[in-house]
Amino acid sequence: MNLRKLVVTASLGAIALSALATVPAAAQQAKEQYFPVLVYRTGAYAPNGAPWANGYVDYLKLINAQGGINGVKLSFEECETGYATDRGVECYERLKGKNGGATTFQPLSTGITFALTEKAPKDKIPLITAGYGRSESSNGAVFTWNFPLLGTYWVGADVAIQYVAKQEGGVDKLKGKKIALVYHDSPYGKEPIPVLEELGKKHGFEVQLLPVAHPGVEQKATWLQIRQSRPDYVLLWGWGVMNLTALREAQATGYPRTKMLGIWWAGAEPDVRDVGEGAKGYSALTLQHGAEHNSKIVKDVLATLHAKGEGTGPKEEVGEVLYMRGLISSMLAVEGVRKAQERYGKGKVMTGEQVRWGLEHLDLDQKTLDAMGFAGVMRPVQTSCLDHMGSSWVRIQTWNGKKWEFLSPDWYQADDKTLRPMVMLASGKYAEEKKLSPRTPEECNK
Amino acid sequence: MGFFLETLIGGLMAGMLYALVALGFVLIFKASGVFNFAQGAMVLFAALAMARFAEWIPGWFGLEGSYLGTAAAFVVAGALMFVVAWLIERLVLRHLVNQEGATLLMATLGIAYVLEGIGSTMFGSSIYTIDVGMPKDPVFLFEGIFPGGLLINKEDFIAALIAAVLVGLLTLFFQKTTTGRALRAVADDHQAAQSIGIPLNRIWVIVWCVAGLVALVAGVIWGSKLGVQFSLSTVALRALPVVILGGLTSVPGAIIGGLIIGVGEKLSEVYLGPMVGGGIEIWFAYVLALVVLLFRPQGLFGEKIIDRV
């Protein structure tokens, strides 16, 4: 055997061996449901992004520890976006086709969501944006791949005004009041403005708009304006360090924290812990859940993962607000897959298109949620082809100087009479701009 | 009138804090001709070190609840900044003597990323607290003259005082000490300074140590105000228009520039902001600085450089 023959034979042998080695791996890969996880564990928003990511990943690990979804194990891979839209899109492009294709994407950024809303329909990958993203995307007829599950910013704005009205003794008492919106000057922060202005016209209150530039570490001028105009309430629509700074400035200018109400992204431990007693009395909306250290699901995560050193992130943060937000976001995606398997075959890996069907047919009633360990954490979620939000329940939590607590057992629900026409109008405009034909109920039933 | 005064005073105090960060830029530029892009990262790194040592040291030595622990943390964080300064000189600057300014600028950009990365790896990326006993509640003066009184933020006031003292000390250091004069000589001409026996490497270590100390003080003050987290590194962006306006080579320029920028951005946000939708203070500071550059390219107090061609 001459040298040439030897090289050719050895090469062919190597190829054959590697093929033998990779076939089972590929087969195994195809048996796993792949979840790309867009996170931000670095940068200005890391203190808020990291606990969300920990909760998200821990739930996937928990499902794997429990045997997967009807036997289908979950694989996942994190990609760091730094909360930057360009990096988010880059992560999406890199991961969308890996390991047989992405199940869903959850970017945890309204800016990235805006960018991916154009891409998801082409790639047929559902985009879950639990508690953020485009508010009009709750209309599944137009936004066929967006799922702003549990609530949108318009829901938040409407409930915030309901809460203020309740504090004042009724909606009629809002007339002549002044409500300031201190918001992150980004697509996220601007989302509630149309609803607040609409409700302002309807109930006769004035809306004062005060944008804060990214990342929000300088707000002195904003709070001096608040001191001058003396609004009756301040709504805080911040993220990350902006919330902390707003509360510090409120303290420094003497604005009562009891008259401040934050959106659910301004109501977590990193937003208030450092201000401590200075933030006492500050309230925030919740996307149903608050800090849920005593829930069964948290106990399950601690016992199954963290007790064995397999958990993600610090053990003591398990159950905190943003950890729970990540965990619930993950659960919703998992339940979308589970539902899809009911139709397309239990124990099979689902495609993005099949997962979309599952997400459009979510039916998580209280009994199911309780059995899953979410008793006292969540209320039912029921989606449809046309309703991609599935629920609009909100509670109000208050910081007592040391921890978040629910002072009232009240649950609020967004007023559909106000929001539905706005959603239809905005989504119709989007469909017109993008030349989309909205799905009809008949198409939905196919 | 009361509101105008509040905005003005608030702007002056904010400006003093910007000046503190701007000083870091000026010090290094004055002594080495390097525009230190890593100043913001140094503030973050120093603040992270201070916050974590203030958490760890009392636990190690049983000093919980005592200001001794905080003081020890400050000393250890200061020592760490000196080590960082030495490493920067040893590993980066020593190899770049007499290189183009752009090369040195890019090197500091690299240092910034390294410091941010090492900082979060060593100390974590959550929000940490620095408690040096700064008062958080406001005080209201002249309530008889202005309705609601004149709001003074005690924390900002004390911070501005500390910044002013530090600025004064540094001015004395540069003007009155031998080392200060050597630093200025090095800044003017590396080769000429070396030819008369000024040890370039030692001078660079000294100036980076001083800049590290300034970063630590700025980090403690800003960290106490905002909490110690990644956004502290963006505080440097607030100081950029200050050095553009005041001039890169002038310590008094950093102070006056800081005050002008502080007042300018607050007044513009309050009085012009509502006309254009608000949120203008960050870019308005740069507009202000650029307008100055149109008339005085070297800044208000910078040295006019005349090159023979």
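Because the structure is a prediction, the values reported are computed rather than measured. Reckoned from all heavy atoms, side chains included, excluding hydrogens, waters and symmetry mates. Chain letters run A, B, ... following the sequence lines, proteins first and then strands; every chain starts at 1.
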key: More than 12 heavy atoms of other groups within 6.0 Å of B:M106 CE   = no

ask   = Tell me, side chain or backbone of B:T121 under 4.5 Å from chain A's heavy atoms, or both, or neither?
value = neither

request  = Against chain B, label A:R273 side chain, backbone, both or neither, depending on which of its atoms sit under 4.5 Å from a heavy atom there.
outcome  = neither

query = Which value, rounded to the nearest 0.5 Å, describes the distance between B:E155 atom CD and A:R248 atom CZ?
reply = 6.5 Å

ask   = So which of A:A213, A:G276, A:A252 has the biggest tally of heavy-atom pairs under 4.5 Å with chain B?
value = A:A252

key: Shortest non-hydrogen contact between A:P215 and B:T234, atoms and distance   = CG-OG1, 3.9 Å

query = For B:P135, is it the side chain, the backbone, both or neither that has a heavy atom under 4.5 Å from a heavy atom of chain A?
reply = neither

inquiry  = Is there a side-chain contact between A:T42 and B:F230 in this structure, where contact means two heavy atoms from C-beta onward sitting under 4.5 Å apart?
reply    = no

request  = Please flag which part of B:E281 lies under 4.5 Å from any non-hydrogen atom of chain A: side chain, backbone, both or neither.
outcome  = side chain

Residue part contacting chain A, namely of B:Y271, when any heavy atom lies under 4.5 Å = neither

key: More than 12 heavy atoms of other groups within 6.0 Å of B:F142 CZ   = no

Nearest atoms (heavy-atom pairs only) where A:G254 meets B:P138 = N-CG, 4.0 Å

query = With respect to chain A, which residue among B:D131, B:V270, B:I280 yields the maximal number of heavy-atom pairs within a distance under 4.5 Å?
reply = B:V270

message = Which atoms of B:I282 are under 4.5 Å from chain A, going by heavy atoms: the side chain, the backbone, both sets, or neither?
response = side chain

message = Quick check on B:W283 against chain A: is it the side chain, the backbone, both or neither that has a heavy atom closer than 4.5 Å?
response = neither

ask   = What option among A:T253, A:T245, A:T222 has the most heavy-atom pairs under 4.5 Å with chain B?
value = A:T253

key: Which atoms of A:V212 approach chain B - backbone, side chain, both or neither, heavy atom under 4.5 Å   = neither

key: Contact origin within A:E249 toward chain B - heavy atom pairs under 4.5 Å   = side chain

query = Going by heavy atoms in the side chains, are A:P270 and B:Q229 under 4.5 Å from each other?
reply = no

ask   = Considering all heavy atoms of both residues, which atom of A:P47 and which atom of B:S125 are nearest to each other, and what is their separation?
value = CG-O, 3.6 Å

ask   = With a cut-off of 6.0 Å (strictly less than), are more than 12 heavy atoms of other residues, nucleotides or ligands near OH of B:Y128?
value = yes

inquiry  = When you compare the side chain of B:L151 with that of A:L224, does any pair of heavy atoms fall below 4.5 Å?
reply    = yes

request  = For each of B:N153, B:L226, B:T7, tally heavy-atom pairs with chain A at distances under 4.5 Å, and name the one with the top tally.
outcome  = B:L226

note = Applying a strict 4.5 Å limit to non-hydrogen atoms, the region of A:H184 in contact with chain B is neither

ask   = In Å and rounded to the nearest 0.5 Å, what is the CD to CD1 distance from A:E269 to B:I127?
value = 11.0 Å

inquiry  = Please classify the contact of B:S120 with chain A as side chain, backbone, both or neither, using a heavy-atom distance under 4.5 Å.
reply    = neither

inquiry  = Heavy-atom count check: over 12 atoms from other residues, nucleotides or ligands less than 6.0 Å from B:K154 NZ?
reply    = yes

query = Can you tell me if NZ on B:K136 sees more than 12 non-hydrogen neighbours from other groups inside 6.0 Å?
reply = yes

ask   = Are any of the side-chain nitrogens in B:K225 or A:E218 under 4.0 Å away from the carboxylate oxygens of its partner?
value = no

query = For A:V241 and B:S231, which heavy atoms make the closest approach, and how far apart are they?
reply = CG1-OG, 3.3 Å

request  = Step through the shown structure and confirm whether more than 12 heavy atoms of other residues, nucleotides or ligands are within 6.0 Å of CZ on B:F3.
outcome  = yes

message = In the structure I gave you, are the side-chain heavy atoms of A:K220 and B:D156 within less than 4.5 Å of one another anywhere?
response = yes

key: Within 6.0 Å of CZ in B:F140, more than 12 heavy atoms from elsewhere   = yes

message = Using a 6.0 Å cut-off, check whether atom NZ of A:K280 has over 12 heavy atoms from anything other than its own residue.
response = no

note = Heavy atoms of B:G149 and A:R227 approach each other most closely as O-NH2, 2.9 Å

